[in-house]
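A short write-up of the structure that comes next.
Worth knowing before you read on, the calculation uses all heavy atoms, side chains too, and leaves out hydrogens, waters and symmetry mates. In listed order, ligands and their atoms are each counted from 1. For reference, positions follow the sequence shown, starting with 1.
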Amino acid sequence: MALIVQKYGGSSVGTPERIQAVAERVIRTRKEGDEVVVVLSAMSGETDRLLALAHTMSATPDERELDLLLSTGERVAIALLAMALKARGYPARSLTGRQVGIVTDDVHTRARIERVAADRVREALAEGVIPVVAGFQGINEKSDVTTLGRGGSDTTAVALAAALKADRCDIYTDVDGVYTTDPNIVPTAARLEKISYEEMLEMASLGAKVLQTRSVEFAMNYHVPVRVLSSFSEAPTGTLVTKEDREMEQVVVSGVAYDRNQAKITLLGVPDRPGIAARLFGGIARENVVVDMIIQNISQEGLTDISFTVPRVDAKKAMNVVSELAREIGANDVQLTDDIAKVSIVGVGMRSHSGVAATMFETLAREGINIMMISTSEIKISCVMDAKYTELAVRALHDAFNLGNRP
Ligand code: ASP
Ligand code: MG
C-alpha cells in the first residue's frame, strides 16, 4: 500500500461536475489499495475574482486582509469535495492550512513554508478518513492566515508529501505532463517521460508554468518523486520529476523555455568603484524584488554600464530605487525596456557536452535575432531578446536540438 498525495489544480475543480470527477478519481485510487491525501486549489478563476474584488476596496489592498480573502477560494473547494466523497459513502475531512499546521514566515501574499505539522492529516489517515487539504495557505507565528504566492497549492502538496514521507506526489492539472516546449508555439513539442529536479527547476523558473518553482525545490530537497498528470484524461502517463540518472545525461538539451514577464533596466555611465553594485542591488533586495540576470560592461574612463532584469510587475519599484541611486552617484541615465523575452535551453547533458552554446547562438543568428543579454549555468543557457522574436526563437531552437516528436 502506497501513500500518495494527489493535488488537483483550479481547472480540475473548476465546476461542480469536475469536483465530482475528482471524487471518483480519489475513490478509484483508494480502491486500488493506496492511501490518498488530497490537496486542492481554488476553483479556476476564483483567486482572480477575489483579487479583483479586493481591488474594488483599494488600489493596494492591505496584504494581511488580502491573504484572508484569497484563502477562502481553497476552502470552498475542499468543503465541496469532502461533501462529494461523503455523499458517495467515503469518509472524508476537509482541513484548512491552519488545521494542518502549515506554518510559514511572515511575508503576506508570498509566504514560505517553515514547517508542516500534519497531525490532523495523520489522524485522519489512521481513522481511514480521506484528508482533503486546502492548498496555497498557511499561518504565521501569530496565527494570521498567509498565502504562498500564485500557484502555491503545488508547494502545499509537495511539502505535505515530504512531511508525511509519502511515496509520491501526483499533481493533476490540465496538461498531461511537461513538454519539450510550449505546444502552443511548437505543435510537435513532445511530452517528457522523465525530467530531473534540476531541469524542472530551471524550466519552472524560466516560465514553463506547470509547477510552482518552490514546489520543485521542496521535491528536490526532500526527494519527493512528483508526477505531473492530466485530470482530463484516463491515461496514467504524465511526466515524472525525479533524481537525475544516466539516461537523462545522454540527452544534451531537454527543453526550450521562455519568459515574457521580465523587464530590463540599464544604468548608464556608472562610476566604476567598489560598493556601487552592493548599494544598487541591496536597495532592490530591500524592496523584495528578485533580480535575475546582471551584466556589467568593462569601464571606459572610470564609467561603466550595468544592465539587469527583474519581473515586469516589479519594474516600477526597481526603477524608483535605481533612479534615486543614479542621482546620488551621478550616473548618466536610467533606461527601462519592458518588451523583452528570455529564451532558454535546459538540459543536464550540457555538463558533459560541448558546443551547445555555439549551436544556440548560430541558430539565433541564422534567424536574424539580436541577443541583448546572455547568462549561463551548468545546465542552462538563456538569451534575452526583443519580445517579438519569442516564437521564432523557440521554434528554431526546438528544431536545432531535435526536440520534436519524430514522425
Ligand atoms: N488558487 C491559487 C492561485 O490561483 C493557488 C493555486 O492555484 O495553486 O494561484
Ligand atoms: Mg497551478
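One finds a salt bridge joining Arg214 and Glu217 here, because a Lys/Arg side-chain nitrogen approaches an Asp/Glu carboxylate oxygen to under 4.0 Å.
With 3.5 Å as the limit, one finds no donor-acceptor pair spanning the side chains of Ser215 and Gln212.
Taking each heavy atom of His223 and Tyr197 in turn, the nearest pair found is C-OH, 3.6 Å.
Backbone and side-chain nitrogen or oxygen atoms of Lys7 are examined, and none is located within less than 3.5 angstrom of a nitrogen or oxygen of ligand 1.
Look at Gly10 and you'll find every heavy atom at least 4.0 Å from all atoms of ligand 1. Ligand 1 lies less than 4.0 angstrom from a heavy atom belonging to Glu74.
Within ligand 1, the atoms closer than 4.0 Å to a non-hydrogen atom of Ser41 are 6 (C), 7 (O), 8 (O), numbered from 1 in the order shown. Residue Arg150 has at least one heavy-atom neighbour below 4.0 Å for each of these atoms of ligand 1: 3 (C), 4 (O), 9 (O). In the vicinity of Gly151, heavy-atom distances shorter than 4.0 Å reach the ligand 1 atoms 3 (C), 5 (C), 6 (C), 8 (O), 9 (O).
Residue pairs meeting the side chain to side chain donor-acceptor pair (under 3.5 Å) criterion with at least one partner in residues 385-395, sequence neighbours excluded, are Arg260-Glu391.
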Return a table of donor-acceptor pairs under 3.5 angstrom between the side chains of residues 328-350 and protein atoms on other chains or two or more places apart.
residue : atom : partner : partner atom : Å
Glu328  : OE1  : Arg279  : NH2          : 2.6
Lys342  : NZ   : Asp292  : OD2          : 2.5
Ser344  : OG   : Ser382  : OG           : 2.8

